[in-house]
There are 2 protein chains.
Amino acid sequence: MTRNPHRRTAIGSSAIPRYREIYESLRQKIVLGQWPPGHRLPSEHELARSFGCARMTIGKALGALADQRLVTRRRRAGTVVNAPRPQESVLEIHDIEAELLAAGVSYAYQSLERRVRRANTADAATLGVPPGTPVLALTGLHRAGGRPHALEERLINLQAVPEARAERFADISPGRWLLRRIPWTEAEHQIGALNADAAIARRLAIRRNTACLTIERNTWRDQQRITHVRVIYPCDQHRLVARFRYGPA
Amino acid sequence: MTRNPHRRTAIGSSAIPRYREIYESLRQKIVLGQWPPGHRLPSEHELARSFGCARMTIGKALGALADQRLVTRRRRAGTVVNAPRPQESVLEIHDIEAELLAAGVSYAYQSLERRVRRANTADAATLGVPPGTPVLALTGLHRAGGRPHALEERLINLQAVPEARAERFADISPGRWLLRRIPWTEAEHQIGALNADAAIARRLAIRRNTACLTIERNTWRDQQRITHVRVIYPCDQHRLVARFRYGPA
DNA sequence: AATCATAATATGCCTAGACATATTCAGAAA
DNA sequence: TTTCTGAATATGTCTAGGCATATTATGATT
């Protein structure tokens, strides 16, 4: 092992890597408007020369900019600054239990209904399985500090999760149970609002017609539907927060 | 330029790159449970040997897995499979106008109120600026197919966006106007639900107490607050959809 | 048994060079 | 003028090797 004859400067001596520095430097030019949308960046070769590093290091920095959607890269066409991105944000849908415990509030799950049945047409439509597929239908209440916090209506595909048939879900949240048993590969959320009907109002101990936030979630494991859940929060009990930053992930 | 003496197989001959194949192969092992959470992956050297490629190619694949939060990598400790991630999803908050036009519905913005004032305490709190800062307060209606679609209440920091003072916003949506003028670097969304009060109901032509979905958005440009907006959708007019997939971005 | 210094190890980052491929551009042919 | 063809170019991917650094394991010393 001989000493690398090509090395010019010590690497790793500084805490922040070179490609990050370069990334930051280029990012500044873009977000501060010095390079407006449509502007074409210098080629990798030129940047490598001007920054005094190998082309691959530039490639890594430009790749990171592309990951962040700040630029578009095309062969021969070069690297071009994007128009400001459409509003897009990372939404974290937290585990209700973890969230409440973190806030120092007591938490409990209470099962209200549990039925195994063959999917009727409604089940088949919401869960996306053929009618007749065995499903587990659960209704439960999440309680925070003793008071009703959210109502959960869930369908589980027993073909995908046969172990669920033996589980009572009397006081453990099916969300948690599933999360640590069945890895999901794809999820879709739909967020909406509804006026509480009589049944919902009674169970959540709120007035009829109170606005509620609803979150519907479908999860898949490699094409196969695992579960569908609708969680209903009274409007004063929950907000979703999503935050996005340009820049270092 | 001599032919690379090290090359063993043609690259680029196949449409999918080697590191993606490797990424996929490793990802399968994880999401299908063959490598459970906590399992330590073989070292880069071992993987390079078994896949018959350079260590850097393995590094790229493992780096992608780490970006997806499927694994955690630490020096000397190695690469370890993560516990299933907390529910986290990319939420796209679309431009209302673009969304409606894409759906083939006519769109119009109608200004209802426009006032320039020095921020009162309420303005200061919502926009996060010192009281007295000049702000532009706008109220407007998004119409789809002639009917009210969403109500928008907005505050713009005139210190950050002085050009807005000259703009009437009579029939162009301030969201669009801002988006293409002021690049934002950070955004926060809060999603909730509310019962329409009399004023909201009148403007949206819905019944009082109808549940509405609200989206509040704050945007920053490098520490500086740009705007705060609250958009109110009747519950039957809008849903937010967020989708997440493990795997290739 | 507990503490500390040292060696081993796995990742992190980098280089210089090479081939592959998509896309654009200029010039030739129709 | 239009269409086609080949050259030029910028990115995409890969290799083989090297140094840097964090962390763990080991062994020596107290």
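Heavy atoms only: backbone and side chains are in, while hydrogens, waters and symmetry mates are out. Every chain is numbered from 1 and lettered A, B, ... according to where its sequence line falls, protein lines coming before strand lines.
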Once each nucleotide of nucleotides 6-11 of chain D is scored for protein heavy atoms under 4.0 Å, what B/S/- sequence comes out, 5' to 3'? --BBBB

Taking salt bridge (Lys or Arg N to Asp or Glu O under 4.0 Å) as the cut-off, I'd like each qualifying pair that reaches into residues 52-63 of chain A, sequence neighbours left out, listed once. A/E44-A/R55

Whole Å only: how far is the [atom1] atom of [X] from the [atom2] atom of [N]?
| X | N | atom1 | atom2 | value |
| --- | --- | --- | --- | --- |
| B/E21 | D/dT13 | CD | C1' | 13 Å |
| A/M56 | C/dA20 | CE | C1' | 14 Å |
| A/R20 | C/dG12 | CZ | C1' | 13 Å |
| B/I58 | D/dC14 | CD1 | C1' | 12 Å |
| B/I22 | D/dC14 | CD1 | C1' | 11 Å |
| A/R18 | D/dA20 | CZ | P | 16 Å |
| A/Y23 | C/dC13 | OH | C1' | 18 Å |

Residue-phosphate contact under 4.0 Å: B/T57 side-chain N/O, D/dT15 OP1/OP2: yes

Any side-chain N or O of B/K60 less than 4.0 Å from the OP1 or OP2 oxygen of D/dC14? no

Find the bend of the helix from C/dA1-D/dT30 to C/dA30-D/dT1 as the angle between its two terminal axes (five pairs each), to the nearest 10°. 10°

For [X], ring pair (Phe, Tyr, Trp, His ring centres under 6.0 Å) partners two or more places apart:
| X | value |
| --- | --- |
| B/F169 | B/W177 |
| A/H149 | A/Y233 |
| A/H45 | none |

Residues forming a side chain to side chain contact (heavy atoms under 4.5 Å, CB included) with [X], sequence neighbours excluded:
| X | value |
| --- | --- |
| A/P36 | A/H39 |
| B/Y107 | B/I96, B/E97, B/L100, B/L101, B/Y109, B/H142, B/S173 |
| B/A160 | B/N157, B/Q224 |

Side-chain ion pair, B/R49 and B/E46, N-O less than 4.0 Å: no

I need the single residue from A/E216, A/R154, A/R217, A/E188 that forms a side chain to side chain donor-acceptor pair (under 3.5 Å) with A/H228. Which is it? A/E216

